[in-house]
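Please read the structure below before turning to the comments.
Just so you know, these numbers use all the heavy atoms, side chains as well, and skip hydrogens, waters and symmetry mates.
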Amino acid sequence: MKIGFALPNIGPVATAEAVTKVAQRAEALGYESLWTIERLLWPVKPQTPYPVTPDGMLPEYYKYSLDPLDTLTFAAAHTKTIALGTSVLDIPYHNPVTLARRLTTIDLLSNGRLRLGLGLGWSKDEMDATGSDMKNRGAMADEFLQVLKAIWTTDPVEFQGKFYKVPKSYISLKPVQKPHPPIYMAAFAAPALKRLATMADGWNPVAIPVAGMAQMFTAVKQMAKEAGRDPASLAMVVRANVDITDRPLGQERMIFSGTIEHTKEDAVGCRDIGAYELFFDPVFPPWADSLDRWLALMEQLRKLV
């Protein structure tokens, strides 16, 4: 199982210095990948309650945000070999043609290091701010993926759909990775899991217990088989939102929370169920605004698996 680490593009620690130091230290420690998250705004009165907090407000650190793709480009310029991923970009906030060009640029400038995590988004406020359609986001995602792949694999490219249209055009250059950079979907509901099984290269789960991930991924691979795909071609890339504590949190703890021993237990569990990769993200604990703590935790977590 490969091991990655998050880049600090969210929260008060999101600075040029922090991105540079975390990226270079991760590469030196032998981490295989770096990952960014997308957050557009911090609504004063959320239309969609944040599911983790008691009052539905987004955590304070979401007020600070560097663009995920620009952060990856910056990190690419300060590293040589480590992979660069998004976990995740929200499809409704983007146009597939302009996004394809930005992603291709990163893959070219990094010499084939891009990994693309995609999701459907959940915030009504961010949907409103980007002019997105909450009700049609699933159907739009199907076409979105088709457009991305068409741009990356054909020249000239042409697409005529219900939501997106691309006139017959030459859109070059193409990504270094063939046929295209790997696409991982953050999916939980049945329609999203089916989309993953039929159109993506892998799954990017978060905050699901090990047993639950195993059960869901088995179902995904069965759907892939029924669709005529090789189930073994699908990879599971686990996002591990770590919250290390001095004391055990009990049996009801969230996955990757609690003592360092619990975090190791969860990581080993992911490896045992066949995860292709796991990456740690320490942005959520209250001490996450300290770059020194990020760097120290990188050293500690790299030794776990």
Side-chain angles (χ1 to χ4, degrees), residues 2-42 58-90 93-94 99 101-119 126 175-176 181-182 184 186 204 206 237-244 256 277-302:
K2 297 179 181 293
I3 301 294
F5 207 85
L7 279 171
N9 76 303
I10 294 287
V13 76
T15 65
E17 176 191 17
V19 171
T20 301
K21 288 187 175 180
V22 168
Q24 293 178 339
R25 190 60 187 146
E27 193 166 66
L29 288 170
Y31 282 98
E32 280 93 357
S33 56
L34 295 163
W35 299 82
T36 55
I37 190 173
E38 182 167 56
R39 187 87 280 131
L40 295 183
L41 45 79
W42 192 90
L58 273 70
E60 288 286 319
Y61 48 75
Y62 277 149
K63 290 182 177 179
Y64 310 87
S65 178
L66 295 175
D67 179 85
L69 294 182
D70 293 331
T71 302
L72 289 183
T73 303
F74 186 78
H78 288 84
T79 55
K80 295 180 179 180
T81 59
I82 197 165
L84 308 160
T86 61
S87 178
V88 293
L89 297 182
D90 293 308
Y93 308 162
H94 298 274
L99 183 62
R101 296 302 299 270
R102 293 187 70 191
L103 295 170
T104 297
T105 298
I106 294 174
D107 200 54
L108 283 165
L109 295 180
S110 68
N111 194 29
R113 290 191 273 154
L114 177 69
R115 299 180 186 178
L116 177 60
L118 294 172
E126 291 185 341
V176 172
Y184 307 116
N204 183 203
V206 62
V237 179
V238 179
R239 180 186 186 92
N241 294 333
V242 295
D243 185 4
I244 307 298
F256 294 110
E277 184 164 356
L278 178 150
F279 67 92
F280 297 109
D281 187 345
V283 74
F284 295 96
W287 48 260
D289 58 350
S290 167
L291 174 58
D292 288 341
R293 288 294 301 274
W294 272 65
L295 295 173
L297 189 62
M298 293 175 72
E299 302 265 357
Q300 188 178 20
L301 292 176
R302 190 63 189 92

Taking only residues two or more places apart in sequence or in another chain, which ones pass ring pair (Phe, Tyr, Trp, His ring centres under 6.0 Å) with [X]?
X    : value
F279 : W35
Y64  : none
Y93  : none

First locate atom [atom1] of [X], then atom [atom2] of [Y], and finally report the distance between them rounded to the nearest 0.5 Å.
X    : Y    : atom1 : atom2 : answer
T104 : L99  : OG1   : CG    : 9.0 Å
R113 : K80  : CZ    : NZ    : 10.5 Å
I106 : N111 : CD1   : CG    : 14.0 Å
T20  : L7   : OG1   : CG    : 9.5 Å
T79  : L72  : OG1   : CG    : 9.5 Å

Do the side chain of N9 and the main chain of I37 share a donor and acceptor less than 3.5 angstrom apart?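 At least one qualifying donor-acceptor pair exists.
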Do any N or O atoms from the side chain of D243 and from the backbone of P285 form a donor-acceptor pair under 3.5 angstrom?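 No; judged by distance alone, with no hydrogens or angles, the pair does not exist.
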Could I get the full list of side chain to side chain contact (heavy atoms under 4.5 Å, CB included) partners for V88, not counting sequence neighbours?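 V88 satisfies side chain to side chain contact (heavy atoms under 4.5 Å, CB included) with D90, A186, N204 only.
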Identify the two heavy atoms, one from [X] and one from [Y], that lie closest to each other, and give their separation to 0.1 Å.
X    : Y    : value
F74  : A16  : CE2-O, 3.6 Å
P282 : V242 : CA-CG2, 3.7 Å
V22  : A6   : CG1-O, 3.6 Å
A288 : W294 : O-NE1, 2.8 Å
V13  : S290 : CG2-C, 4.2 Å
A75  : V19  : CB-CG1, 4.4 Å

Any side-chain heavy-atom pair from [X] and [Y] closer than 4.5 angstrom?
X    : Y    : result
L103 : L116 : yes
S33  : L84  : no
Y184 : T86  : no
L278 : F256 : yes
I3   : F280 : yes
L89  : P68  : yes
L29  : R25  : yes

Can you name the residues that form a side chain to side chain donor-acceptor pair (under 3.5 Å) with [X], not counting sequence neighbours?
X    : answer
E60  : K63
D70  : R102
D281 : R239
S110 : none

Do any pairs count as a ring pair (Phe, Tyr, Trp, His ring centres under 6.0 Å) and have a residue in residues 11-34, sequence neighbours left out, and if so which ones?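 Only F5-Y31 qualify under ring pair (Phe, Tyr, Trp, His ring centres under 6.0 Å).
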State which residues pass salt bridge (Lys or Arg N to Asp or Glu O under 4.0 Å) with R115; sequence neighbours excluded, sorted by chain then number.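 Residues passing salt bridge (Lys or Arg N to Asp or Glu O under 4.0 Å) with R115: E277.
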Residue list, salt bridge (Lys or Arg N to Asp or Glu O under 4.0 Å) with D289, at least two apart or on another chain: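 In terms of salt bridge (Lys or Arg N to Asp or Glu O under 4.0 Å), with neighbours along the sequence ignored, D289 is linked to no residue.
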Pairs meeting criterion salt bridge (charged side-chain N to carboxylate O under 4.0 Å, His left out) with involvement of residues 28-42, two or more places apart: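 Checked against salt bridge (charged side-chain N to carboxylate O under 4.0 Å, His left out) - neighbours excluded - the pairs reaching residues 28-42 are R39-E126.
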